[in-house]
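Just below is one structure, and these are the notes that go with it.
Every heavy atom of this structure was used, including side-chain atoms; hydrogens, water molecules and symmetry mates were not. Everything numeric in this text was worked out from a predicted model, so none of it was measured. Residue numbering restarts at 1 for every chain, and letters A, B, ... go by the order of the sequence lines.
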Amino acid sequence: MGLSTVVISVVHGVLWGIILGAASTGLTLLWGVMKVVNVAHGEILLIGSYLIVILYAFLGLSPYIGLLASLALGLITGLAIYWGMLHKLVGKVEKVTLKIEMSTLLIMFALSVALSNSYYHFIGSEPKGLGLWHFGLKSSIDIGSVVVRTNSILAAIVAVIIVAALHLLLTRTTLGKSIRAVMQDAQAASLVGINPVRIKMLTTMIAIGVTTLSGFLIVLHETAIIPGTALIYTPLAFVIVVLGGLGNVLGSFIGGIIIGLIYGLSKAIIALTFNPLASAPLALSTAFIVLILVLLFKPEGLFGR
Amino acid sequence: MSKATLLSVKSITKKFGGLVALNNVNITVYEGEILGLIGPNGAGKTTLFNVISGVYKPEGGRVFFDSVDITRKPPHQITRMGIARTHQIVKPFNEMTVLENTMIGALFGRLASRITMGEARKKALETLEFVGLIDNADAPASKLTLHEKKTLELARALAAEPKLLLLDEELAGLNPKEIEESLNLIKQAKDEKELTIIMVEHVMHAVMNIAERIVVLHHGEKIAEGTPMEIANTPRVIEAYLGEKELALKFVKKLKPQK
């Protein structure tokens, strides 16, 4: 009984961790490359989630179409966020000071409140989801003694694809090389012929695009979302990004899995030794204790630069 | 040797608040020459490089490259037109490999948008072979010694296939043997790749030896221009910078036989 509780929690924790890792890559890109502290990360994730739900519920469009639509909407939103908010703060700056970084945090905070209130007003606080839609023939399958929802498996598969694609983009393409060059030294990059403004604009588009795309993962995994769902994902993404090292996409992915694993394990331990009802919220707290420990003892992250 | 003008700096004035870093500076650089730019610390040498490469916008004056006004162009456009530079304080992309750093030079240099990833890789490998860093191609740039980092910056600049190369204290901090190696490399690069070079340098005997002409800046003004021999004999230069005349002449004499 005890052992199976541990196994179940670990399997679910790792699945969630894979999803968390992918859903945090947009944050690590924005923060690492542009020094933009995107505290609206969770609300931007929900742009994708809600779009998929709306397309499915009102137009009957498959969530796979919703997935592509959420990427497209994210790229456009990224373009708007760059020119509307970020360009003036970080566009032509060679070295982003702490003061500018703080300004990006405040401006993104304003965006998060604006988005959150819009969700409450236009969509409401009731849970929304894809109802009975599920991936594959059954809504859940047994892996050994563990029951896993097929939607979570689909989400994990898409998560791995997102991370792999982003990693290849950053390491194998000209655009990726210029993004990494700008991340390391914007002025040196401009002196080897890279246009930093163009790269910052494209980075914002990619980061926001991959975030709204990850909204697909959230809506599948969570079964139902509310505007407050953002309040779980924003802080978790920060934990993961700090753990993985700013700007490190693979680091974020592994950081996500570590956090999922810690969450799963501590949930099992708390359930077995203390109180099953308190296990989920308390396990979430352990994730933030990890953040404190990392900030104190390994501030550059586990795979730090 | 042709005497076509490649770069002309016309009446450039650059101020930082109340400080006049460059005051009405005029310099002409001819195709195929090595121009030495010397002067005491704070004379405005690096500032001039920053104006030429587009990092600073001057308050007055214009810069023409290949007869095109580049004064207001952003750095990346100027680089793509064919001006590459190295930095006094080295700036390789530390988290990339030596090969990647050099590929970036090729990908975004004068050939940008016409070069594929494969071609850039080939170009980078050739350039690393040329500068002697080929054995370190897969090492992260951060692991290199200072001399190697400076050589890497040179490789990154050369991979861009520039017409004009700006070398900012390429020799500073190197030991005599390394200085000799770097000087040979610069000469070889100039001859094989038909480069024009402006070099800011404090290692006096080196610049006196390698440069065909010298421009001396002092407190943001050009105080002398001429052959190394003429410069070493100009009283104002000796007073401002070289210290003793005998010492100055010694530099030139020491190197004359090699010419």
Side-chain angles (χ1 to χ4, degrees), chain A residues 28-29 31-35 87-88 90-96 166-203 241 244-252 300-305, chain B residues 49-50 52-57 73-87 89-97 99-113 115-121 124 140-142 152-153 155-162 166 168:
Chain A
T28 206
L29 268 187
W31 203 358
V33 179
M34 300 181 51
K35 299 279 169 263
H87 179 70
K88 228 172 138 64
V90 297
K92 299 216 164 167
V93 183
E94 272 142 17
K95 197 141 186 70
V96 177
L166 206 52
H167 179 69
L168 289 178
L169 174 82
L170 286 176
T171 51
R172 300 287 168 84
T173 67
T174 308
L175 173 63
K177 284 193 196 302
S178 41
I179 289 175
R180 284 159 61 220
V182 169
M183 173 163 84
Q184 290 170 44
D185 190 332
Q187 191 186 77
S190 73
L191 287 169
V192 294
I194 296 169
N195 179 355
V197 171
R198 184 171 162 272
I199 295 305
K200 286 173 187 177
M201 177 192 83
L202 290 171
T203 303
V241 165
L246 295 194
N248 188 339
V249 164
L250 283 187
S252 268
E300 73 281 9
L302 295 183
F303 322 98
R305 304 197 284 114
Chain B
F49 269 14
N50 280 330
I52 295 171
S53 52
V55 175
Y56 295 154
K57 303 298 167 210
K73 287 192 190 296
H76 66 272
Q77 277 183 23
I78 293 175
T79 303
R80 288 179 186 201
M81 289 177 68
I83 300 183
R85 71 177 280 187
T86 67
H87 303 271
I89 297 157
V90 284
K91 288 182 174 185
F93 299 114
N94 275 322
E95 285 144 44
M96 294 187 191
T97 64
L99 180 62
E100 275 185 300
N101 265 276
T102 316
M103 278 173 77
I104 287 214
L107 282 169
F108 301 100
R110 200 149 65 88
L111 304 176
S113 76
I115 192 165
T116 66
M117 192 66 87
E119 287 164 357
R121 192 185 160 83
S142 57
L152 173 58
E153 281 218 339
R156 190 172 67 186
L158 289 176
E161 299 234 326
L166 309 177
D168 197 351

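- More than 12 heavy atoms of other residues, nucleotides or ligands sit less than 6.0 Å from atom NZ of B:Lys57.
- Closest non-hydrogen pair, B:Lys91 versus A:Asp185, comes out as CD-OD2, 3.6 Å.
- The heavy-atom pair separating A:Ala181 from B:Met96 by the smallest distance is N-CE, 3.4 Å.
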With side chain to side chain contact (heavy atoms under 4.5 Å, CB included) as the criterion, how do B:Asn101 and A:Val192 come out once you've worked through the C-alpha distance, each side chain's angles and the decisive distance to 0.1 Å? CA-CA 10 Å; B:Asn101 265 276; A:Val192 294; over 6 Å; no
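- A heavy-atom distance below 4.5 Å is found between the side chains of A:Thr174 and B:Phe108.
- More than 12 non-hydrogen atoms from other residues, nucleotides or ligands lie less than 6.0 angstrom from CZ of B:Arg110.
- Closest approach of A:Pro196 and B:His76 over heavy atoms only: CD-ND1, 4.2 Å.
- By the 4.0 Å N-to-carboxylate-O rule, B:Glu100 lies close enough to A:Lys177 to be salt-bridged with it.
- The CD atom of B:Glu153 lies 9.5 Å from the CG atom of A:Leu191; values are rounded to the nearest 0.5 Å.
- Panel note: side chain A:Gln184, backbone B:Asn94; a donor-acceptor pair is recorded below 3.5 Å.
- Between B:Met117 and A:Thr173, the shortest heavy-atom distance links the atoms CE-C, 3.3 Å.
- Within the 4.5 angstrom heavy-atom criterion, no atom of B:Met81 approaches chain A.
- The two residues A:Gln187 and B:Val55 make their nearest non-hydrogen contact at NE2-CG1, 3.4 Å.
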